Amino acid sequence: MRKQQREAILALLEETYMGTETALNYSTPFELLVAVIMSAQCTDERVNKITARIFPKYNTPEKMGALSQEQLEEEIRDCGLFRSKAKNLLATCKMLTEEYNSVIPDTVEELMKLPGVGKKTANVVASIVYKVPAIAVDTHVFRVSHRLGLAKGDDPLAVEKELQKAIPKNKWSDAHHWLIWHGRKICKARKPLCSECVLVELCPYKEKNL
DNA sequence: AACTCGGGGCA
DNA sequence: TGCCCAGAGTT
């Protein structure tokens with residue numbers, strides 16, 4: 001890919017990701033954490049449907065933690081892996097209330113201590129909620145980066161390094177957020193919505209898809 | 001580093 | 001129907 005094209009994509013991306021209304025725009029850190037945990041192997045639509053229904057009722061670790069395993073399973077039944085997610089969510093709520101005074105931790109290290117929260121989830125929450133500079137390469141970030149030609153590496157760690165090199169550090173958090181959102185809503189694994197993509201003119205991948 | 005887990009989505 | 005997959009946890 002030409003350097004100019006790459007620069008243009010980065011510039012447009014930077015213009016775009018600031019202030020984009022994203023799918024991960026939840027009103028509290030707790031809600032974001034819950035949504036991200038539920039998002040694994042689950043479509044955006046399903047997660048949104050569930051969160052819209054349950055957050056008015058259970059929007060704090062105390063309230064959600066007061067549910068039984070069966071009750072929470074029933075609430076999140078529509079998303080994949082709901083049994084283990086319910087179990088992890090309850091344990092996480094309990095830990096948050098008992099050990100963290102119901103405040104979502106602001107470091108990757110602390111976040112990863114929560115049950116069901118691994119490297120990816122911890123990085124997403126830290127970077128989106130607390131603007132910790134991080135770009136954790138999940139499948140969405142991996143796919144979008146390759147399609148846009150921002151990275152060539154064939155493993156997530158290589159892609160992470162390429163992105164970190166290409167993007168100024170003070171933009172990592174916003175770029176991370178945007179790449180995830182874009183991968184979930186527009187640049188989907190199957191049937192990407194190229195006609196709705198702000199980068200379509202510059203994207204090398206669109207030619208294959210259109 | 002390799003394996004397991006569980007359920008949605010697709011051929 | 002059977003295979004794949006994302007990400008966390010386990011060995």
Side-chain angles (χ1 to χ4, degrees), chain A residues 22-24 26 29-54 61 64-65 67-96 99-100 104-105 107-129 132 134-148 151 153-163 173 176-193 205 208-209:
Chain A
T22 75
L24 300 174
Y26 289 97
F30 176 71
E31 291 186 6
L32 178 80
L33 174 65
V34 173
V36 173
I37 289 175
M38 284 202 301
S39 294
Q41 280 174 287
C42 181
T43 62
D44 212 47
E45 292 71 38
R46 281 168 182 261
V47 173
N48 289 340
K49 211 179 277 181
I50 294 170
T51 56
R53 193 182 64 238
I54 68 173
M64 187 169 287
L67 295 173
S68 70
Q69 169 87 25
E70 292 71 26
Q71 285 172 317
L72 189 53
E73 280 182 12
E74 193 54 41
E75 293 285 5
I76 67 171
R77 182 163 293 273
D78 288 338
C79 85
L81 309 180
F82 64 92
R83 266 182 267 268
S84 59
K85 283 176 186 172
K87 188 169 160 243
N88 286 332
L89 279 172
L90 284 178
T92 284
C93 287
K94 201 170 171 220
M95 196 180 280
L96 285 172
E99 296 178 37
Y100 290 93
I104 309 300
T107 66
V108 169
E109 192 192 7
E110 288 297 314
L111 284 161
M112 283 180 68
K113 292 180 182 171
L114 300 170
V117 178
K119 184 173 181 262
K120 307 285 167 59
T121 306
N123 272 283
V124 172
V125 173
S127 87
I128 292 176
V129 176
V132 172
I135 304 178
V137 179
D138 65 1
T139 52
H140 301 297
V141 176
F142 190 90
R143 181 179 68 253
V144 174
S145 301
H146 272 91
R147 286 180 179 171
L148 287 174
D154 53 8
D155 71 284
L157 213 66
V159 171
E160 185 175 332
K161 294 210 174 85
E162 289 181 85
L163 290 173
S173 134
H176 186 202
H177 191 172
W178 187 89
L179 286 165
I180 294 168
W181 165 81
H182 193 248
R184 293 187 75 85
K185 298 294 271 193
I186 309 286
C187 198
K188 301 193 284 187
R190 309 177 186 83
K191 300 182 195 162
L193 308 176
Y205 177 79
K208 295 180 202 161
N209 184 49

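Because the structure is a prediction, the values reported are computed rather than measured.
Side-chain N or O atoms of A:H146 include one that pairs as donor or acceptor with a backbone N or O of A:F142 at under 3.5 Å. With hydrogens and angles ignored, the 3.5 Å screen pairs no side-chain donor or acceptor of A:S173 with any backbone N or O of A:V132. Put simply, the side chain of A:E162 gets close to the backbone of A:G153: a donor and an acceptor are under 3.5 Å apart.
Taking all atoms of both residues into account, the shortest heavy-atom contact from A:E160 to A:I135 is CG-O, 3.1 Å. For the residue pair A:V144 and A:H182, the shortest heavy atom distance occurs at CG1-ND1, 3.8 Å.
Computed from coordinates, the A:D155 CG to B:dA2 C1' distance equals 16 Å when rounded to whole Å. Summarising the geometry, the separation between NZ on A:K85 and P on B:dG7 is reported as 11 Å, rounded to the nearest angstrom. A:E73 has its CD atom 9 Å from the P atom of B:dG7, to the nearest Å. B:dG9 atom P lies 12 Å from atom NZ of A:K191, rounded to whole Å.
Of the residues near DNA chain C, A:M112 and A:T139, the one whose nearest nucleotide (by heavy atom distance) lies more toward the 5' end is A:T139.
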Give every pair of a protein N or O atom and an N or O atom of nucleotides 4-6 of chain B that lie under 3.5 Å apart, one pair per line with the distance.
from: B:dG6; atom 1: N2; to: A:Q41; atom 2: OE1; distance (Å): 2.5
from: B:dG6; atom 1: N2; to: A:Q41; atom 2: NE2; distance (Å): 2.7

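Comment: A:K188 does not engage A:E45 in a salt bridge, judged by the lack of any side-chain N to carboxylate O separation of less than 4.0 angstrom. With respect to the salt-bridge test (charged N to carboxylate O, under 4.0 angstrom), the residues A:D44 and A:R184 qualify.
For the side-chain contact (heavy atoms from CB on, under 4.5 Å) test, residues two or more places apart in sequence or in another chain that qualify with A:R77 are A:E74, A:F82.
Of all nucleotides in DNA chain C, those with any atom nearer than 4.0 Å to a heavy atom of chain A start and finish, going 5' to 3', at C:dC5 to C:dG9.
No contact: A:N88 has no heavy atom under 4.0 Å from any strand.
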